[in-house]
Protein chains: 2
Amino acid sequence: MAATIIDVARRAGLSTATVSRALRGLPNVSESARARVQQAAEELSYTVSPIASQLSSGRTGAVGVVLPFVNRWFFGQVVSGIDSVLRANDMDLLLYNLGDTRVHERFFERMPVRRRVDALIVLTLPLSEDETRALSSLAVPVAVLGEPTPPFWNVRIDNSVAAATAVRHLVNLGHRRIGLITGAAHDPRRFATPILRRDAYRTALEAAGIRYDPRLEAMGHFGIEEGAAAMAQLLTLPEPPTAVFAESDEMAFGALRTLRRMRLRCPEDVSVIGFDDHETAHLMDLTTIAQPVVEQGALLARLVLKALAGSHEEPSDTVLPTRLVVRGTTGVARRDAAPGVPPSPGAATDNGTGARGARSPVP
Amino acid sequence: MAATIIDVARRAGLSTATVSRALRGLPNVSESARARVQQAAEELSYTVSPIASQLSSGRTGAVGVVLPFVNRWFFGQVVSGIDSVLRANDMDLLLYNLGDTRVHERFFERMPVRRRVDALIVLTLPLSEDETRALSSLAVPVAVLGEPTPPFWNVRIDNSVAAATAVRHLVNLGHRRIGLITGAAHDPRRFATPILRRDAYRTALEAAGIRYDPRLEAMGHFGIEEGAAAMAQLLTLPEPPTAVFAESDEMAFGALRTLRRMRLRCPEDVSVIGFDDHETAHLMDLTTIAQPVVEQGALLARLVLKALAGSHEEPSDTVLPTRLVVRGTTGVARRDAAPGVPPSPGAATDNGTGARGARSPVP
DNA sequence: TTGTAAGCGTTATCAA
DNA sequence: TTGATAACGCTTACAA
């Protein structure tokens, strides 16, 4: 069917070895030989078989990307960052979506990446010791997005600092009842991100001399709907929060919707701060903690490529900066009535735009 | 390093052929042999080398997915649909993000998927005749999301019907000046979707006896920011539209933001309808045309797997249904002042919630 | 049911 | 600079 290197060699009147060298642009090939090979290959519209090449050389030309979700904004952005770097280096990208626990377990049982990839990038998955060992045994460079996982390369943000900044922002605005919508899920895998952000929330409260109240923490599972439900739950408290820190923008969006539905103004009645600087955050005028998402992906890819190129650098741990982006959904704390009840009949339909003008949280 | 099939065979006291058969669960292997192989493999923590297996069998165990963007909501959803089906069938997913024109051209020049994949799924990319031929020459099943591209399998929605429905919805509400925010971009590749939707818009207007005005069409490039700019442009017209059809929800989000910034109420001053039923559309109370996104991906994957399984069915063309989802951003046409000017001073800060209550377009 | 051995299409080593 | 040829690790006729 398709031409092989033998066909090309025959047509060029050379050996397969020379053809192979010529095609890969290796030195020690005469110009004339190179030209003849080029032409023969073209005439036969020959392409090397990556499979055969891989088997022979031991290199696969592919990088595996292992992640827990493909259809969430954050991961799409990261993958796009990885892809751009990989593609620029003629590397393939093999996607492994670990989805639920079953798929996750199966992955580590069967290790489908074994001998399939030259390097591995793991996104935000908590790795057990066994799993870490399993990945090490692959004997390929591994880069991890998230908490430091020796002996792998690491890229991350400082979730503790970032979350503390979010909470302090609310504290500085005079808030004392500060709720948390956490991403921590029932998933038996304990994703580190929500835990770190939640712990930072608690610590920051304590540092501000605010007593911790477990009822002010609601689960949002990193989803819009779940974020909305979490906000609703917080509002049923006898003393509802005057401000809420959502561990992701998507949950914050849900929270905003609930506020709107309950006829509560944001930020007059309840302030909301998110996390990520999702592309829609700007649109919703959401105050948030911005992190470089695409860049984290690109960096991960660059790290494994460098390791692949034979750099004998020790795996590093890179912490990328986050920053507070103040928009219209956070404001000074109210000092009068409880937020559960609209302060005046008119406010129910006002939506807060009168007071805040252009800084209202709605598009 | 890693154990090979020969090691397993030796340990089990069998031939490599038997080991291979046993490991793949083929018939004609005695129970005792199967058990010995299992145990030997386990003890050596042996995994087959997919590469070697591929070279030998001619199957790659991977499906290529070619798409123009990874970081857009729509494509993330489709990929997630594909992935779930593929993963359930132990197939790998090789991602090819064609991004800009240069990468696109390079892809078809070098055909990196050649012999790398057992099947190919192409998402919404307009294929030239040469490109179609190139893909055919791969001699693997190809499934295309988008316009029918014989001789490939096809999955799509009826963009013309869907877009016409959107426009008719506006017409039925009494609108006569109906703007279009089209996704058609400067990309030399002529993506079919925006063109189909735009043509349907024109046809639907004509059918309603409304004269076509090219000034009512603005480019939104399928982006939020660009959608916002397009809306702003439409509002500068001497006679601005009272309703706008955005060819994607993301552009509609941008349009809503512009309306908000210009102190125009939605839908009182301008109605907006989007396309996709993006997960945020609900949140923004955006009227839109819903299409099954994840399902289209899953279906594409199932089609190529079926073809791979040896079904000799003729490639089909499946059209999935869309439906109008009426929410709060569309309303009856105003009959008094031009929308460019707020009808009353108070309206500028009212945001329309007074009149529409829960149906206001904001969360 | 099991084993032998010929591929699969390259790359890489070594000698020429 | 070029060429023979042995891997690479598996699958699959075909034979036993």
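Here the side chain of A:R115 is nearest to one of D:dC10, C:dT11, C:dA12, namely D:dC10. Among C:dT1, D:dC10, D:dT1, the nucleotide with an atom closest to any side-chain atom of B:S53 is D:dC10. Of all nucleotides listed (D:dC8, D:dT2, C:dT11), D:dC8 comes nearest to the side chain of A:L55. Comparing atom distances between the B:A17 side chain and each of C:dT11, D:dT2, C:dT4 picks out C:dT4 as nearest.
The 5' end of DNA chain D is approached more closely, in terms of each residue's nearest nucleotide, by A:S15 than by the other of A:S15 and B:T47.
Residue-to-nucleotide contacts include a donor-acceptor pair under 3.5 Å from the side chain of A:S56 to the base of C:dT10.
The distance from the CG atom of A:L300 to the CG atom of A:N154 is 8.5 Å, given to the nearest 0.5 Å. Rounded to the nearest 0.5 Å, atoms CG (A:L120) and OH (A:Y96) are 8.5 Å apart.
B:D7 places its CG atom 9 Å from the P atom of D:dG9, with the value rounded to the nearest Å. As a whole-Å value, the separation of B:R10 CZ from C:dG3 C1' is 16 Å.
B:E43 and B:Q39 form a side-chain donor-acceptor contact under 3.5 Å, judged by distance and modelled atom types alone. Between A:S20 and A:R24, the side chains place a donor N or O and an acceptor N or O closer than 3.5 Å (distance only, hydrogens not considered). Judged purely by distance below 3.5 Å, without hydrogens or angles, the side chains of A:S137 and A:R114 pair a donor atom with an acceptor atom.
Side-chain nitrogen and oxygen atoms of A:S49 include none within less than 4.0 Å of the OP1 or OP2 phosphate oxygen of C:dT10. The side chain of A:S30 contributes an N or O atom lying less than 4.0 Å from OP1 or OP2 of D:dT2. Between A:R59 and C:dA12 there is a side-chain polar atom (N or O) within less than 4.0 angstrom of OP1 or OP2.
Among the protein residues, B:R21 comes within range of the nucleic acid bases, having at least one heavy atom under 4.0 Å from a base atom. Nucleic acid contact for A:I51: none, since no nucleic acid atom lies under 4.0 Å from a heavy atom of the residue. Residue contacts shown for B:R34 are absent, as no nucleic acid heavy atom lies under 4.0 Å away.
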